[in-house]
2 protein chains.
Amino acid sequence: MRRARMARTMDEGLEAIFSPASIAIVGASRSKGKIGWEIVHNLIMNEYQGTIYPVNPKASAVHGIPAYPSVRAIPGPVDLGIIVVPIEHALAAAEECGEKGVTGLVVITAGFREIGGAGIEREERLIEICRRHGMTMVGPNCMGVMNTRPDVQMDATFAPTPPLRGSVSLITQSGALGVAILDHAKSLGIGFAKFCSLGNKAQVSLNDLLRAWGDDPETKTLLAYIENFGNPKNFVRIARDVTRRKPVIAVKSGRSEVGARATASHTGALGGSDLAAEAVFQQTGVLRANSIEELFDYAMAFSLQPLPKGGRVAVVSDAGGPAIMCVDELVANGLEVPELNPATAEGMRAWAPLEASIRNPVDLTPQGSIDDYRKALDAVLSDPGIDAAIAIYVPPVRVDEAEVARAVWQTAQGHGKPVLCNFLGRTSDSPGFVELVSHGVPSYLFPESAARSLAAMVRYARYLERRPGEVRRFDADPSKAQRIVDGARAAGRGRLNEVEALQLIDAYGIRGVKSRLCKDVGEAAVAAREVGYPVVVKAVGKDLLHKTEKRAVVLDIREERALRLEIARLEARLKQQGIGPEGLLVQEHARGRREVFLGMTRDKVYGPFLVFGLGGIYVEYLKDVSFGLPPLTDEDALRMIRSIRTFPLLEGVRGEPPSDVAALAEAVERFSQLVLEVEGIEEIDLNPIFALEAGHGYRAVDARVLLTPDGPPG
Amino acid sequence: MRRARMARTMDEGLEAIFSPASIAIVGASRSKGKIGWEIVHNLIMNEYQGTIYPVNPKASAVHGIPAYPSVRAIPGPVDLGIIVVPIEHALAAAEECGEKGVTGLVVITAGFREIGGAGIEREERLIEICRRHGMTMVGPNCMGVMNTRPDVQMDATFAPTPPLRGSVSLITQSGALGVAILDHAKSLGIGFAKFCSLGNKAQVSLNDLLRAWGDDPETKTLLAYIENFGNPKNFVRIARDVTRRKPVIAVKSGRSEVGARATASHTGALGGSDLAAEAVFQQTGVLRANSIEELFDYAMAFSLQPLPKGGRVAVVSDAGGPAIMCVDELVANGLEVPELNPATAEGMRAWAPLEASIRNPVDLTPQGSIDDYRKALDAVLSDPGIDAAIAIYVPPVRVDEAEVARAVWQTAQGHGKPVLCNFLGRTSDSPGFVELVSHGVPSYLFPESAARSLAAMVRYARYLERRPGEVRRFDADPSKAQRIVDGARAAGRGRLNEVEALQLIDAYGIRGVKSRLCKDVGEAAVAAREVGYPVVVKAVGKDLLHKTEKRAVVLDIREERALRLEIARLEARLKQQGIGPEGLLVQEHARGRREVFLGMTRDKVYGPFLVFGLGGIYVEYLKDVSFGLPPLTDEDALRMIRSIRTFPLLEGVRGEPPSDVAALAEAVERFSQLVLEVEGIEEIDLNPIFALEAGHGYRAVDARVLLTPDGPPG
């Protein structure tokens, strides 16, 4: 037996876990109902194509299969070890697997990190065992793995329901939820390629599987239940790549943890992890399902139907009410329900029942026959102005709902356009539902669910049409920026002063207002000429953090005489307050029609993330802001700017000229680069930034930069 | 046989329709599958307690019951006539019922108003027949009626599914949808008291039934599928009354008709019927379900569980994932998921499994036993800081889900707090579901549905706690207001001038800025002293609609010398433009920290409705406005003001004093009174209104009043 071995790659490990030629179930049990029995049972019942080695020192056979007293007693090689022994034997079992030369490990046994205390240490030792033997591990504390590929056919879970074979793969951070999903998905006709319950993710992570299954030819649609992204930056990088090839649909829990962050900063007050999570979804093209139900709804649509070419939808129904509800939901989700082509409508008029409404939505009324229904669906799908159809049917009125279902799927075939169905109130055990999904047409209980699912398909189709975007690198002076930050931190300061802050962003080519720090009125006059009138003069100094209160700012000075007069008055005012300013800051007096702000704040989980919004007091109450997780592509930066609701104000309203959106977008990209490259910054708030007319850029007027306190890097 | 009879009341008619002692089915058929057979079948199968008279000239019996060749041939009296004859015989059948002395009519036959043309005329004649004979009619073109009361037991529909008896009543404007609802509701264990498919609503309307069933002791919860409110004012009046006694849950279709209104006005551009519909829901306390699915979800919760006393919810689960999803949804819907009372947590620690998390949400993990589950649910329901609980269970892990279900409903009993259940992915045919709903605990497929339904219960409970509000009448001078409007219309003008507009609102006690119309600078000087400096001077005249462009406004004049100078300059400017002003308007120069606006616009369906919002350009993009349908109660007016997202700005932020919200609310009430009492106004836009500090009221600075063009009143 080999004692030392080469480190194997993660890919080799995953191959052993999901396509093993042989499996040892360490802790296999003869007692029905025990996990150690259920797994052996599931492997057998789903006709696993490799060799099963139950390991149980007290049994000669488990479920009719010869059992071995230990892993080392197994005669042949073992690719995958599944550990279901009691917690006190788990580490020994893993060690034994390692010694045997097992490549992949699935640890179902619980009692590790999730129980805290000794469990955490136990998990560390388990990881060490895996590392030492070059084993790749899923778990511990997980519900197992599946691969339905015909040459594997492995159900190594203790889920009670064998899955249907199909093209959906599921990664879940909640084992119980995962098993419930498999169970309910079967009743909906959703078939699976692979399944993985991640458990404690001690080794194999969400991101590992996302990357691996992004290239898996059996997996056409990826589903994930996510509690956290692991390393969010890795997730963004990997998911951005995978979503170009196949849809990734995810439910992310933890929305309500938002907002409790106790930070006084403006930007920070708007932050919070779910906002960062939302940015992750936006940047990666991962489709976020807002509930477990939507996860199923979307999975049905994506796994069964082709993507639509556009968002123009026809609705065919035998009843008006649900058709209207469907149209409402389609429109609310940004889809169109356009008039039919006149030729289409004309053709339908020839045969449609008198009572029928042959506009879109088409309402055949209960008077319409099954043949009418078939013809109507065929007509709208043949209409070049229609990209997709929803077929609604209220079953009780007609005799045979399976007949209608047949008409729907037969008509849908050959048009290459997605067709989603709503047999109102008909659950998965109804004949119409079974007829539909077994022929590749998803059917929903309610019209709104069909509408939302189709909208998700259109959203993804549009995402694929957009250019991927690229993370651009700009010429910058990172070492200068770092020097500014390091200098202030070395001096024990918690924030940069105004001049430093503007120098910091300038090092990354972000345009602040032109500024000169002057000693006296003479220097100020020179500076004002350089900067160009009108100017702003501010007294600076350590007693002058709150300049407005101290009346230490003079705006809109238009010529030198006024400058000298105002500086004299300013100095007199400060003297009265007992303040001796350390200098005078002369700045260009920038003004623009629109004020925006750009900020960076930190999240415990996501690290630095960016916030963009229109300036002003409204922002706080209307939360009209957008988020981004650096690094940002050029497309991400544009999306951040375009996705605020007040974006039309930047485009120009009421005949105003548009603001320089392109320049702002580049500023966002440069800001993203700064945030990633310069260390020691806790928060930045550029507020306000004046957006100037297109072609004239912008000016950041104020930059507030908080520094990370010294201490162990967090 | 009586030829002329007394007009009967609507109540007598509805009594005959829903509790008839005898029913004639005119058009009863011997052919199974025909509507005329199905209705007789349903009456028999549901054991109708009165006498059934099938009417069919070609049959001596239908479904074993003696048939009569005509209505007049029926020996005894007939309370209810159900007409299912072909359309060409429908009017004769109605006439015959009238002659027989039938009190109530349900016309199922289609081919009336819904097909247009001759159908409209046919419906008019049908109404005339009913009126002449004093008959009350449901339909035509409907699906029938039901009453499950034991002494009636009438299923006079052709729905395939007999309903469960229960306390929910359903009014539907879509027959097909209504039948589908009955069908699906049965599988969810929702029982019905009464059902009515309204059809074309030629006589009996949504509002008639709402009023009648508001007083029906069998009906505890009212459901409605609404396509339109009929007379929205009646709906508001009736629904406001009914919701004080029982919950009314409605789905309203037609959301997407919004926004297509081609009106250039500011207020108008924000209007649209669904916004008015939303105001109706807000003002009446009717709970709007946003989808058909939510209608079911809410119906289950309201019909089975008591209302919560507050919004503090505990979640008990055997799996973390769905518990988090549930908490997310609860919080998103404004409910609290507070920490448990320390004593509660302490008590649970004594027996809970090591792996369990005994904070709220309580996660027992799959290691928890059924007994643990029971004890945990009991503990949280006993906690005085908890008003309601959601019990989540992921079935596959345990053996007997019905056992768990039993633990839930048994524990729920006796606490008097609502308990909603989510057996994840378990549909209505699962043993757990059946066990739960048959013992009065609603069970949902998904945790989010349970959370939303509980949120609807809390919303309704809070609505009941609020004082009802009253429509106050203010002293006003309606005849003066009407004279102003009539005068301008008589002069062929489409709008009031500035002075008239301010006089109009003044007639209703709405404070505009003080204004004086003057002929010359001398009068202006006197006026300015009266109004008080600072003042604004505007030149007025028919060439001066666009005053800013013509530079015909001077703001912030502080004393008389400046006034005379500015007026001289103003006249010179206008002279250069060839304009001779007709007068000078001297106004107080009002300024407040916050600008709001208040408008009235008209909707084809809802008539005049009110819009309130914060002023400024943001309004257009952020749609932060609220709507009201007059007449408004004092509570409605306050709600309109409080429900905008930027309301905190009116309350005062950053140490600012609060605005005079009470005065603004009274202005909204007075405005509502004006809008209802003065005729000939098309739109009003009071914009801006300066909100002054609390105790100082507000000033409407500009009032734009468009008049209704002459012509037939619309």
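Here is the naming used below: chain letters follow the sequence lines, and residue numbers restart at 1 for every chain.
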Novice: How long is the straight-line distance from CG of A:L445 back to CG of B:L445, given to the nearest 0.5 Å?
Specialist: 8.0 Å

Novice: Below 4.5 Å, heavy-atom pairs only: which of A:A319, A:P322, A:G111 has the largest tally toward chain B?
Specialist: A:P322

Novice: Side chain, backbone, both or neither: which part of A:S449 has an atom under 4.5 Å from a heavy atom of chain B?
Specialist: side chain

Novice: Looking only at heavy atoms, what is the nearest atom pair of A:R645 and B:R645, with distance?
Specialist: NH1-NH1, 2.8 Å

Novice: How close do A:A180 and B:V394 get, counting heavy atoms only, and between which atoms?
Specialist: CB-CG1, 3.7 Å

Novice: To the nearest 0.5 Å, tell me how far B:L295 CG sits from A:F446 CZ.
Specialist: 9.0 Å

Novice: Roughly how far, to the nearest 0.5 Å, is the CE atom of B:M325 from the OG atom of A:S174?
Specialist: 10.5 Å

Novice: Which atoms of A:E293 come close to chain B, meaning under 4.5 Å heavy atom to heavy atom: side chain ones, backbone ones, both, or neither?
Specialist: both

Novice: Non-hydrogen atoms of chain B under 4.5 Å away: do they reach the side chain of A:I292, the backbone, both or neither?
Specialist: both

Novice: Which residues pass the salt bridge (charged side-chain N to carboxylate O under 4.0 Å, His left out) test with B:E651, sequence neighbours left out?
Specialist: none

Novice: Check each atom of B:V251 against the heavy atoms of chain A and say whether the ones under 4.5 Å are side chain, backbone, both or neither.
Specialist: side chain

Novice: Flag the one option from B:E114, B:H184, B:E227 with the top tally of heavy-atom pairs under 4.5 Å to chain A.
Specialist: B:H184

